[in-house]
2 protein chains.
Amino acid sequence: MLKNTEFTEKLRSSGLRPTKQRLKICEVLFNREKTFHFTINDLVKNISNQLNEKISLATVYNTVHAFKKKGYLKEISINSDKSYFDTNISNHHHFFDEDTNELIDCNDDSIETPNVKKNITGKKINSIEVLIKVATDNQNHN
Amino acid sequence: MLKNTEFTEKLRSSGLRPTKQRLKICEVLFNREKTFHFTINDLVKNISNQLNEKISLATVYNTVHAFKKKGYLKEISINSDKSYFDTNISNHHHFFDEDTNELIDCNDDSIETPNVKKNITGKKINSIEVLIKVATDNQNHN
DNA sequence: TCAACAGTTTAGAATTATTATAATATAGTT
DNA sequence: AACTATATTATAATAATTCTAAACTGTTGA
């Protein structure tokens with residue numbers, strides 16, 4: 001569990017001003033045992049539930065994108081109507097339950113990161129994401 | 001190159017009525033040498049360019065989703081503001097060029113499909129998608 | 001400590017993608 | 001040719017995200 005001073009330091013060291021709103025967002029995102037997935041909407045709700053405060057939607061968008069840029073968050077590639085973010089920035093993959101729209105971390109090595117034997121010329125690989133879509137067996141029979 | 005009669009047959013055999021609009025969409029999507037990626041917007045533009053006709057946006061959405069359900073199209077998991085579809089329904093993976101927002105097929109075996117050693121209990125794996133994000137080396141330094 | 005400035009926040013409007021709706025039209029069958 | 005079920009359409013509604021311009025605030029340097 002980190003304290004506000006530590007968040008302040010961390011933000012400052014990466015060139016982000018430690019504003020009230022950012023510190024609050026840090027608290028909600030990073031002051032917990034386990035990493036988790038969220039949408040912008042989830043986060044806004046969490047802020048109002050946990051801190052009983054309101055940070056404007058636009059600010060939450062700005063902050064999440066700033067944190068992503070600095071590598072404190074990962075955005076998960078999924079074709080959904082909304083964007084999913086992950087506070088787990090380690091190299092890992094995901095299951096997506098199409099019945100419940102639930103995203104499940106795969107932290108052990110049950111999904112191995114595939115080798116990429118050939119890359120696009122002149123480009124650097126920024127990420128390798130694996131998404132396994134699952135559903136109950138009796139779905140999709142129409 | 002398939003003819004309209006063949007599309008008619010194919011549609012009918014999968015329980016979809018071979019309406020004018022669907023046949024036209026088939027023509028634009030499947031009457032070509034190479035498979036390709038598109039967004040709904042791209043498709044609407046192609047229809048008006050190639051056939052000089054207009055099919056309503058809602059119909060294009062309906063048809064694309066119907067084709068996806070029947071397995072004639074794949075939706076690609078990517079966190080973008082819009083959905084990408086692929087007429088290549090074979091098992092393959094993608095590069096995504098973050099500089100140009102271009103999606104590139106990987107048809108050879110330079111990206112191998114990862115093994116999934118453990119699955120969610122009671123669920124069936126519907127797909128395994130690998131997305132490699134690339135960019136020029138001098139990006140993301142802010 | 002304080003003023004100035006650069007960067008941040010805000011609320012609301014604008015934009016964009018997608019879905020819902022309800023009336024109309026049409027394909028396939030009788 | 002008429003009937004029925006389904007598809008199409010245009011429009012409205014919704015929902016996610018971005019834009020904008022004004023107000024505000026943290027930081028820096030005096």
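Bear in mind the structure is a predicted one, so any value in this text is a computation, not a measurement. All heavy atoms count here, side chains included; hydrogens, waters and symmetry mates do not. A note on names: the letters A, B, ... follow the listed sequences, proteins ahead of strands, and every chain is numbered from 1.
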Quickly work out the [X] [atom1] to [N] [atom2] distance and round it to whole Å.
X	N	atom1	atom2	result
A/Leu23	C/dT9	CG	P	10 Å
A/Arg22	C/dT10	CZ	P	11 Å
A/Lys24	C/dT8	NZ	P	18 Å
A/Lys69	C/dT8	NZ	C1'	15 Å
A/Lys20	C/dG7	NZ	C1'	15 Å
B/Ile40	C/dT16	CD1	C1'	14 Å
B/Asn41	C/dT15	CG	P	16 Å
A/Leu11	C/dT9	CG	P	10 Å

First contact, last contact: which nucleotides of DNA chain D are these for chain A, 5' to 3', heavy-atom distance under 4.0 Å?
->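 Using the under 4.0 Å cut-off, the span is D/dA16 to D/dT27.
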
Earlier contact from the 5' end, DNA chain D, for B/Thr59 and B/Arg17 =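 By nearest-heavy-atom nucleotide position, the 5'-most residue is B/Arg17.
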
Among the nucleotides C/dT9, C/dT18, C/dA17, which one has an atom lying closest to any side-chain atom of B/Leu57?
-> C/dT18

Of all the heavy-atom pairs spanning [X] and [Y], show the shortest one and how long it is.
X	Y	result
B/Val130	A/Val130	CG2-CG2, 4.1 Å
A/Glu27	A/Leu51	OE2-CD2, 3.6 Å
A/Ser83	A/Glu75	OG-OE2, 3.1 Å

Contacts of B/Ser83 and B/Pro18 projected onto DNA chain C by closest heavy atom; the upstream (5') one is B/Ser83

A/Thr19 side-chain N/O to C/dT9 phosphate OP1/OP2 under 4.0 Å =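 Yes, A/Thr19 has a side-chain N/O under 4.0 Å of OP1/OP2 on C/dT9.
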
Between A/Gln21 and C/dT10, is there a side-chain N or O to OP1/OP2 distance below 4.0 Å?
-> yes

When you measure from the centre of the six-membered ring of B/Tyr84, is the NZ or CZ of B/Lys74 under 6.0 Å away and within 45° of the axis?
->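 So B/Lys74 doesn't make the cation-pi contact.
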
Do we get A/Arg32 above A/Phe30's six-membered ring, with its NZ or CZ under 6.0 Å from the centre and within 45° of the axis?
-> no

Base, sugar-phosphate alone, or nothing: which one does A/Thr39 contact when heavy atoms must sit under 4.0 Å apart?
-> nothing

Let me see the working for A/Lys24 and A/Ile55 under side chain to side chain contact (heavy atoms under 4.5 Å, CB included), right down to the final yes or no.
-> CA-CA 9 Å; A/Lys24 271 171 196 149; A/Ile55 300 179; 4.1 Å; yes

Note: B/Lys123-A/Glu98 ion pair, threshold 4.0 Å (strictly below) =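 Here B/Lys123 does not pair with A/Glu98 in a salt bridge, since their nearest N and O are not under 4.0 Å apart.
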
